Amino acid sequence: MEQFFHIPTLMFCLSAACVIISAFLTLLWVWDRSSRALLYWTWGFWLGCIGLALLGLREVGPPTLSLGLGNAFSLWSLGLIWLGCRAFNEGDADAPSAFALAGGLVWFTLFASWGHFAEDLNTRVVVASVFYAGYSFLIAHAVWKGYRHEPLPARRLAAVAFGMHGLFYVVRVPVLYIFPVTLNGGYPNLWFGVVTFEYFIQALFGALAIFAMVHERLTLRYKAASEIDFLTGIRNRRAFLAAIVSSRCRSGGNRAGATLALLDADHFKSINDTHGHGAGDVVLTDLTEKVATRLPPGAIFGRVGGEEFAIYLPPDVASGDVALLEQIRIDIGTMAVRHGQASIRLSVSIGRCALPSGHVDMQMALAAADRALYASKKAGRNRVTTSAFDPGFEPSKRDRPVDLAAENLPPSPA
């Protein structure tokens with residue numbers, strides 16, 4: 001068992017694995033050169049490749065080159081990986097590059113200038129353990145700190161990988177004093193071989209976790225981009241409907257009493273024609289902010305058309321929804337949107353529909369709310385209209401006379 005692990009062979013195998021990892025990281029960085037995290041990680045893993053290859057030469061190469069520079073490059077690798085994790089957090093202040101490189105510089109200085117340090121294997125192991133553990137814990141801390149603000153599952157894996165790596169190095173210090181390290185033709189005693197093999201596993205584990213972090217962030221951002229309206233920053237039509245389905249799947253979410261309402265900015269085309277499309281965009285963003293400030297927690301808000309918005313109030317927050325919609329109408333009616341020298345006034349027409357319990361076809365619900373909105377428009381705009389939910393309603397009937405069951409609420413005084 002004493003000759004189970006051959007250190008130079010392990011180092012070369014790990015170096016070869018790091019070359020593959022570094023190549024993929026380089027491709028990612030070439031694809032996104034604006035990412036400082038990818039830049040740091042790319043350089044970090046390439047330096048790790050060099051360091052591990054040099055450590056693999058310990059039996060045949062000059063000690064200053066193999067052990068001195070080999071460990072220095074490996075420490076610089078961890079320092080740059082730490083900088084990459086800090087940069088990946090985005091909210092963190094820039095970490096000092098000098099601190100990231102200090103470990104390797106101190107190591108090489110000790111090796112080149114202190115004879116006892118260069119000659120005594122166990123002294124080197126103690127000092128190396130302190131440096132490797134320190135940087136590993138810094139990386140784990142940076143990754144976990146980012147998890148609190150961006151809970152990517154791969155962050156937990158990366159934090160565990162680097163945290164366990166640091167712990168292995170901490171544990172080997174007291175073990176060293178009980179079982180001093182020996183090397184015989186590149187073969188260490190068993191416990192030291194196990195720790196070295198752990199370094200091999202941790203490097204692969206950590207690298208894969210970093211890849212997964214990048215992939216998860218890109219996936220979430222593309223998903224958000226596909227669900228968020230680019231102008232107003234609220235849900236688009238697809239995401240709005242999906243959020244309603246999710247809300248109604250929760251416990252008690254499909255009880256009777258939920259409300260679906262459509263809001264349409266009155267005479268919006270004339271605003272664009274008179275003041276320009278830039279003014280129209282400002283009107284829509286201001287309208288969005290005004291409505292959002294009025295909505296209770298749990299409400300779902302989205303833009304479902306050009307100047308058409310939708311509100312869904314779950315059963316537990318829909319109480320008093322008519323008064324809420326009336327207040328929203330009044331608030332928007334008192335707005336004065338500033339665009340250049342112009343002060344633009346606007347109003348909204350609102351169509352409301354109360355939803356029954358159980359499964360509801362949301363296209364049918366939208367059709368019912370749209371029918372009420374159409375009634376508001378027909379009655380002179382700037383008002384809230386309620387329409388009964390009718391599962392048999394066909395959208396093609398929109399141009400027919402409004403259902404007599406629709407309840408028109410006259411506009412409240414501004």
Side-chain angles (χ1 to χ4, degrees), residues 151 223-224 227-229 232-265 284-305 307-335 347-376 382-391 393 405-412:
K223 183 175 184 292
E227 294 180 346
I228 300 300
D229 176 63
T232 60
I234 60 176
R235 293 180 176 89
N236 60 22
R237 182 187 183 93
R238 183 172 65 86
F240 174 76
L241 292 175
I244 294 176
V245 171
S246 177
S247 175
R248 294 184 68 83
C249 287
R250 299 190 188 103
S251 177
N254 63 350
R255 291 184 289 107
T259 295
L260 179 66
L262 293 178
L263 294 76
D264 190 90
L284 293 179
T285 54
D286 284 7
L287 183 153
T288 300
E289 292 176 5
K290 181 66 71 173
V291 174
T293 58
R294 275 288 178 186
L295 294 178
I300 300 171
F301 185 31
R303 184 185 179 192
V304 294
E307 65 272 17
E308 191 168 89
F309 298 81
I311 297 171
Y312 176 78
L313 301 173
D316 55 341
V317 299
S319 177
D321 62 304
V322 176
L324 172 65
L325 295 175
E326 271 292 299
Q327 189 59 57
I328 288 173
R329 183 191 67 79
I330 294 170
D331 288 347
I332 294 172
T334 59
M335 287 173 56
S347 64
V348 291
S349 298
I350 302 176
R352 168 190 172 273
C353 173
L355 303 183
S357 61
H359 173 73
V360 173
D361 186 321
M362 292 314 302
Q363 295 302 326
M364 292 294 182
L366 282 172
D370 189 54
R371 180 176 48 171
L373 175 62
Y374 185 64
S376 286
N382 192 22
R383 64 190 63 229
V384 177
T385 300
T386 297
S387 178
F389 176 75
D390 181 6
F393 173 72
E407 173 192 358
N408 289 326
L409 301 179
S412 301

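These numbers come from the heavy atoms of this one structure, side chains and all, not from hydrogens, waters or symmetry mates. Quantities reported herein were computed from a predicted structural model and do not represent experimental measurements.
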* To do: Examine the side chains of Ser349 and Ser376 and answer whether a donor and an acceptor come within less than 3.5 Å of each other.
  => no

* Give the intermediate values and the outcome of side chain to side chain contact (heavy atoms under 4.5 Å, CB included) for residues Leu260 and Ile244. => CA-CA 10 Å; Leu260 179 66; Ile244 294 176; 4.2 Å; yes

* Structure fact -> On a heavy-atom basis, the closest approach of Gly252 and Pro315 is O-CG, 4.0 Å

* To do: Mind checking the CG-CD spacing from Leu241 to Gln363? Nearest 0.5 Å is all I need.
  => 6.0 Å

* Using distance alone, with no hydrogens and no angle criterion, decide if Arg371 and Ser387 have a side-chain donor and acceptor under 3.5 Å apart. => yes

* Asked: For the residue pair Arg294 and Gln327, what are the closest heavy atoms and their distance?
  -> CZ-CG, 3.4 Å

* Atom pair CZ/CG of Phe240 and Asp229 - distance to nearest 0.5 Å -> 13.0 Å

* Set of residues satisfying side chain to side chain donor-acceptor pair (under 3.5 Å) with respect to Arg237, sequence neighbours excluded -> none

* To do: Measure the spacing between CG of Asn382 and CD1 of Ile330 and express it to the nearest 0.5 Å.
  => 9.0 Å

* To do: Report yes if some heavy atom in the side chain of Phe309 is under 4.5 Å from a heavy atom in the side chain of Leu284; otherwise report no.
  => yes

* Kindly indicate, with the supporting measurements, whether the criterion side chain to side chain contact (heavy atoms under 4.5 Å, CB included) is fulfilled by Val322 and Thr259. => CA-CA 9 Å; Val322 176; Thr259 295; over 6 Å; no

* **side chain to side chain contact (heavy atoms under 4.5 Å, CB included) between Leu287 and Glu307, worked out** => CA-CA 10 Å; Leu287 183 153; Glu307 65 272 17; over 6 Å; no

* Closest contact, heavy atoms only, Cys353 versus Ala368 -> SG-CB, 3.6 Å

* Asked: How close do Pro297 and Val317 get, heavy atom to heavy atom, and via which atoms?
  -> O-CG1, 3.5 Å

* Kindly compute the distance separating CG (Leu262) from OG1 (Thr385), expressed to the nearest 0.5 Å. => 11.5 Å

* Any chance you could lay out the side chain to side chain contact (heavy atoms under 4.5 Å, CB included) test for Ile350 and Glu326, step after step, and finish with the verdict? => CA-CA 9 Å; Ile350 302 176; Glu326 271 292 299; over 6 Å; no

* To the nearest 0.5 Å, how far apart are CD1 in Ile234 and CD in Glu227? -> 13.5 Å

* Structure fact -> For residues 243-256, the side-chain hydrogen bond (donor to acceptor under 3.5 Å, both in side chains) pairs (sequence neighbours left out) are Arg248-Tyr312

* Return the minimal non-hydrogen interatomic distance between Ala354 and Phe389, and the atom names on each side. => O-CB, 3.6 Å

* Indicate yes or no: at least one non-hydrogen side-chain atom of Asp370 is less than 4.5 angstrom from one of Leu366. => no

* Asked: Nearest 0.5 Å, what's the CG-CE distance between Asp331 and Met335?
  -> 9.5 Å

